[in-house]
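In what follows, every heavy atom counts, from backbone to side chain, and hydrogens, waters and symmetry copies are set aside. Throughout, a chain's letter reflects where its sequence line sits, starting with A, and its residues are numbered from 1.
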2 protein chains.
Amino acid sequence: MPFSKHSAKQPARRGRPRSGGREAILAAAFELLVERGASRLTTREVATRAGVSEGSVFYHFTDRTGLLTAVIEDSLTALMEVSPSSQAQVAETLDALTSGIERFLDKALIVLIAAQSDAELRAGMAAFLLENDFGPHRGVEGIAGYLRAQQQAGLLRADIDPESVAMMLLGSLFLQVSMRQMVSEDYGGNLPGRSQVLASLMAMLTPAPQ
Amino acid sequence: MPFSKHSAKQPARRGRPRSGGREAILAAAFELLVERGASRLTTREVATRAGVSEGSVFYHFTDRTGLLTAVIEDSLTALMEVSPSSQAQVAETLDALTSGIERFLDKALIVLIAAQSDAELRAGMAAFLLENDFGPHRGVEGIAGYLRAQQQAGLLRADIDPESVAMMLLGSLFLQVSMRQMVSEDYGGNLPGRSQVLASLMAMLTPAPQ
DNA sequence: GTCTATAGGTTGATAGAC
DNA sequence: GTCTATCAACCTATAGAC
């Protein structure tokens, strides 16, 4: 698809052009989620940071929960387009594929965690994921698909289970990113990194020496 | 160590015996964390559920943050004693080891997630983990130690990297438990389960057919 | 250590002009 | 769509008696 964004697909907008207030609010809320955590996010501060009044926040999102729901669903929707399973077809190495997933997780985890602060948000997100058939199984499928292709080309051991390997690989990425984000930036140093895991895995995926 | 809990190690308590109020509050807070999420936990509701007055909560924990910090550190301290690395010496199969880790993660994730709702809690937990040299690297070490022992006994491929395999295995467990808890109970069905992953891994760990 | 009562402050949300 | 002004509710925290 050429002209990615600026394609003439959508009809010209009618009415008053968007002022960007809504987007500024969403961005500010996302920032605060990262910096302070969901419990410490107030509509007041979101408004201040977005450079709008608090009334605007409620105009656009009805209530605080509506705002957070929008942040979560917007982020996930944006991520769905760069989802691992859609990458898998183009990535030419496991290295490229997994580094893409790592970046993906970095953003997805923010909202996944934010949703955990409130049972209502959590349920809403679960429903959203279900409706859109979105979730880590897509990542597993993506990786497994790649592995299976390599396998059929005779480049990998024939007797391995692509799904299980994909689950372990995705899991190691998820654990690494989670710890960096949930504990501290440099906490990952304690754990085997992506390249080490990948190198070891590659060795295991090719036939072992007798 | 015999007589696990009821050993006579500790000197007899002096002074007024504990009434259990503190413990009831901690338990109630933990429950609410699971049911409603950290943002929706109020000191009022904690007190009600614990069957004490709100004043008691503040007497014991100074403030709301103090209460949550105590919940987090208490839970983690309890878990440190059944930490994977201490299990690794006794577990006789990867199956026993990983199912223990799964149960471990089920509890640990509750407080790990709760801490994410507030930057202050998050920082406190990070410091606590650092001080106690506690975290997933202990799990990796535990699994890797087990694998290395098996390897030296000639039961596993000699050319695999135990740390990387441990990271992947722990990662897959972490991912599975996270999704069950953060999305929905039966969400794990979409993903390869522990036994499937384990079976595939075992096949990979033993020398491949030529 | 636990209670009751209450103060104080913050916050989510609304109303109405522009 | 955005603003200002304001309210009502809630919730944390304190004081002081038992």
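- A salt bridge links A:Arg194 with A:Asp95: the distance from a Lys NZ or Arg NE/NH1/NH2 to an Asp or Glu carboxylate oxygen falls below 4.0 Å.
- Side-chain N or O atoms of A:Gln150 include none that pairs as donor or acceptor with a backbone N or O of A:Tyr146 at under 3.5 Å.
- Residues from residues 28-40 of chain A lying near DNA chain C, meaning a heavy-atom separation below 4.0 Å, are absent.
- Heavy atoms of B:Ile25 sit nowhere under 4.0 angstrom from any nucleic acid atom.
- For the pair A:Ser56 and B:Leu41, nearest-nucleotide mapping onto DNA chain D gives the more 5' position to A:Ser56.
- Contacts with DNA chain C (heavy atom under 4.0 Å) in residues 42-52 of chain B: B:Gly51, B:Val52, listed by number.
- Remark: B:Arg148 engages B:Gln151, B:Gln152, B:Pro162, B:Glu163 in a side-chain contact (heavy atoms from CB on, under 4.5 Å) (not counting sequence neighbours).
- Sequence neighbours left out, the pairs with a member in residues 118-144 of chain A that pass salt bridge (charged side-chain N to carboxylate O under 4.0 Å, His left out) are A:Asp118-B:Arg40.
- B:Phe128 approaches B:Thr77 most closely through the heavy-atom pair CZ-OG1, 3.5 Å.
- The backbone N or O of A:Leu41 sits less than 3.5 Å from a side-chain atom of A:Arg64, completing a donor-acceptor pair.
- Taken to the nearest 0.5 Å, the OG atom of B:Ser164 stands 11.5 Å off from the CE atom of A:Met168.
- Here the nucleotide nearest the side chain of A:Glu54, chosen from D:dT12, C:dG12, C:dT2, is C:dG12.
- Looking at residues two or more places apart in sequence or on another chain, you find a side-chain contact (heavy atoms from CB on, under 4.5 Å) between A:Leu79 and A:Val82, A:Phe104, A:Lys107, A:Ala108.
- At a non-hydrogen distance threshold of 4.0 Å, A:Tyr59, A:His60 from residues 57-74 of chain A come into contact with DNA chain D.
- By the 4.0 Å N-to-carboxylate-O rule, B:Arg49 lies close enough to B:Glu35 to be salt-bridged with it.
- Between the B:Ser56 side chain and the B:Val52 main chain, no donor and acceptor come within less than 3.5 Å of each other.
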